[in-house]
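By convention in this document, chain letters (A, B, ...) are assigned in the order of the sequence lines, proteins followed by strands, and residues within each chain are numbered from 1. What's counted below: heavy atoms across the whole structure, side chains too, no hydrogens, waters or symmetry copies.
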Amino acid sequence: MNATMDVLVSLSKRRGFVFQSSEIYGGTGSCWDYGPLGVELKNNIKRVWWRDFVQARADMVGIDASILMHSTVWKASGHLDHFTDPMVDCRECKHRFRADHVNDLPWTHYCPATKGNKFTIPPGEPCGHCGQRRTLCPECGKGELTAPRQFNLMFKTFMGPVEEDAAVTYLRPETAQAMFVNFDNVLQSMRLKLPFGVAQAGRSFRNEITPGNFIFRTREFEQMEIEYFVNPHDRVDGRSADEYWHDRWIGDCMAWFQRYGLRDENLRLREHDKDELAHYAKRTVDIEYKFPIGWSELMGIANRTDFDLKQHSKWSGKSLTYFDEERKEHVVPYVVEPAAGVDRALLAFMADAYREEEVRGEKRVVLRFHPELAPLKVAVLPLLKKREDIVRVAQTIRADLARQWRVVYDDTAAIGRLYRRQDEVGTPYCVTVDVQTVGDAERGETGDQRVTIRERDSMEQIRVPVAELAAVFRELLGGVTWTDLAPRYPPVRS
RNA sequence: GCGGGAAUAGCUCAGUGGUAGAGCGCCAGCCUUCCAAGCUGGGGGUCGCGGGUUCGAAUCCCGUUUCCCGCUCCA
């Protein structure tokens with residue numbers, strides 16, 4: 001069965017993945033807190049993203065910019081003009097006006113006193129024929145206007161302790177701008193050649209009009225963004241570099257989500273129509289995921305052209321160009337932007353991993369996380385908690401493995417229940433220490449110094465020497481599959 | 001923004017004016033040699049919040065907040 005949003009919200013709270021923000025005060029709409037397991041999962045997502053897209057590539061570097069920036073950044077980027085003024089809409093023609101300007105616009109008026117003749121009336125004046133003042137849309141003259149709406153998409157704040165004197169600025173609504181603003185710093189300090197990319201993961205803030213659907217749309221969220229700069233004059237495979245790299249990134253990003261567990265049937269690409277493209281974009285393709293709420297955007301990959309660098313160059317007066325040695329010319333790079341939401345990725349990975357299975361007539365809830373994403377990697381479980389020798393070995397194993405991975409120890413229930421608990425939070429491997437491991441000193445039996453490793457999805461078990469545990473987990477948690485590794489060790493029948 | 005529904009234990013929910021409940025989960029003990037076993041005991045709720053009616057309110061009334069569904073809006 002597919003996970004419903006309710007089931008995920010409930011599991012998230014019960015097992016420490018996600019809590020509603022400020023819950024004891026009644027909760028804050030559209031804000032969520034990551035709990036002990038949620039933060040591990042989220043950090044793992046960000047880490048593999050960084051490793052795969054920054055660390056592993058010669059053409060990528062990263063930055064970590066401040067959330068507060070010079071307010072002119074948002075003037076240049078277009079966010080300030082587009083998103084901070086009270087707006088009214090015409091219900092008929094859908095034209096949008098700034099509410100504080102609407103009364104200054106000449107009014108197109110279909111006058112009832114002159115059988116619907118059309119007049120243009122100056123601002124503030126009544127109609128000379130019927131005496132009416134403006135009530136309808138200045139543009140089409142027919143539609144009613146909606147009440148003014150404050151489109152504060154950006155969170156306004158004040159730099160400086162005294163509000164009246166302080167400079168107004170904004171919490172960034174996207175991380176991208178810091179990478180454009182730092183273009184020249186990064187280029188010069190790292191001696192980069194096009195094409196190259198700058199990556200950043202960090203928080204962004206938007207006063208969303210309609211937040212909701214758990215962590216899908218929140219007012220504070222985390223992005224993983226890449227700005228990949230290319231020389232638009234270059235040709236790759238017979239195409240312009242920006243178009244070539246745009247498609248490359250779409251493919252790479254899609255493959256990345258598949259690699260970490262999202263199923264093909266839950267992923268698709270969606271091309272933005274020309275009329276829905278953002279003002280800066282030449283082409284945008286969304287990777288959509290089949291969330292519990294339906295198909296929705298998981299990440300967007302946009303060709304932002306040279307819009308942003310040109311804007312910042314214009315507003316700052318600084319040249320933001322790249323010198324093409326071959327052509328002996330300065331060019332403004334085009335930029336391809338793969339932008340993913342960390343929280344949405346987490347939701348997708350969780351939804352896709354969720355399974356309800358039947359095992360021996362009982363329901364088993366299991367999160368089949370990719371081992372690299374799983375918040376807990378290994379649970380160490382003593383089969384008998386009253387046997388000091390067993391407990392001692394188990395504790396030693398836990399401490400040893402915990403130097404490299406997130407490992408937990410649990411002895412508070414029967415083994416079956418302990419397994420189910422770990423299944424429910426997606427722990428890929430359990431290590432069980434039993435009498436066979438340590439032997440029975442009273443009977444003069446020595447143990448075999450082997451423990452049972454149990455794999456989450458197949459529930460298969462193998463006997464592995466304690467001395468080899470760390471090496472085995474380095475393989476299992478580093479890309480080697482269970483199917484490849486398990487045959488090297490004797491199985492255990494349960 | 002409009003309409004409808006909901007809010008009681010960690011979770012799922014019962015409780016329609018008279019001492020705050022169940023199942024599951026959680027904790028402790030006993031038991032237990034590998035897939036939510038059993039027994040015993042335990043912690044945990046100012047019934048979303050504020051006001052009102054009443055001898056008495058989880059229950060009736062008003063307000064408010066949050067969440068869900070639909071519409072609208074938005075990208």
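- When the C1' atom is used for both B:U16 and B:A57, the distance is 11 Å, rounded to whole Å.
- For A:L383, taking side-chain heavy atoms from C-beta onward, the closest of the listed nucleotides B:C35, B:U33, B:A36 is B:U33.
- Contact between the side-chain N/O atoms of A:R217 and the OP1/OP2 oxygens of B:A75 is not found at any separation under 4.0 Å.
- Ion pairing between a basic and an acidic side chain is recognised when a charged N comes within 4.0 Å of a carboxylate O; A:E297 and A:R270 show no such pairing.
- Look at A:T412 and you won't find any side-chain N or O under 4.0 angstrom from OP1 or OP2 of B:A28.
- Across all strands shown, A:D286 has no heavy atoms under 4.0 Å from either base or sugar-phosphate atoms.
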Below 3.5 Å between N/O atoms, which protein atoms pair up with nucleotides 11-14 of chain B? Just atom names and distances, please.
unit_1: B:C11; atom_1: OP1; unit_2: A:K13; atom_2: NZ; d: 2.6
unit_1: B:C11; atom_1: O3'; unit_2: A:S10; atom_2: OG; d: 3.4

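- Dashed line: the shortest gap from a side-chain N or O of A:R360 to OP1 or OP2 of B:C35 is under 4.0 Å.
- When distances run from any side-chain atom of A:M459 to the nucleotides B:U33, B:G29, B:C35, the shortest one goes to B:C35.
- Between A:K386 and B:C30 there is a side-chain N or O to OP1 or OP2 distance below 4.0 Å.
- A gap of 22 Å separates the C1' atoms of B:G45 and B:U64, to the nearest Å.
- Closest to the side chain of A:Q461, out of B:C67, B:C26, B:C34, is B:C34.
- The residue A:R364 sits apart from the nucleic acid: no heavy atom pair falls under 4.0 Å.
- Nearest to the side chain of A:A414, among B:A28, B:A37, B:C34, sits B:A37.
- Rounded to a whole angstrom, the distance from the C1' atom of B:U12 to that of B:A6 is 15 Å.
- Distance noted for atom C1' between B:A14 and B:G63: 28 Å (whole Å).
- Taking atom C1' in both B:U19 and B:U72, one finds a spacing of 49 Å when rounded to whole Å.
- Aromatic ring centres of A:Y289 and A:F291: separated by under 6.0 Å.
- Nearest to the side-chain atoms of A:T432 among the listed nucleotides B:C67, B:C34, B:C35 stands B:C34.
- Look at A:R417 and you'll find a side-chain N or O under 4.0 angstrom from OP1 or OP2 of B:C26.
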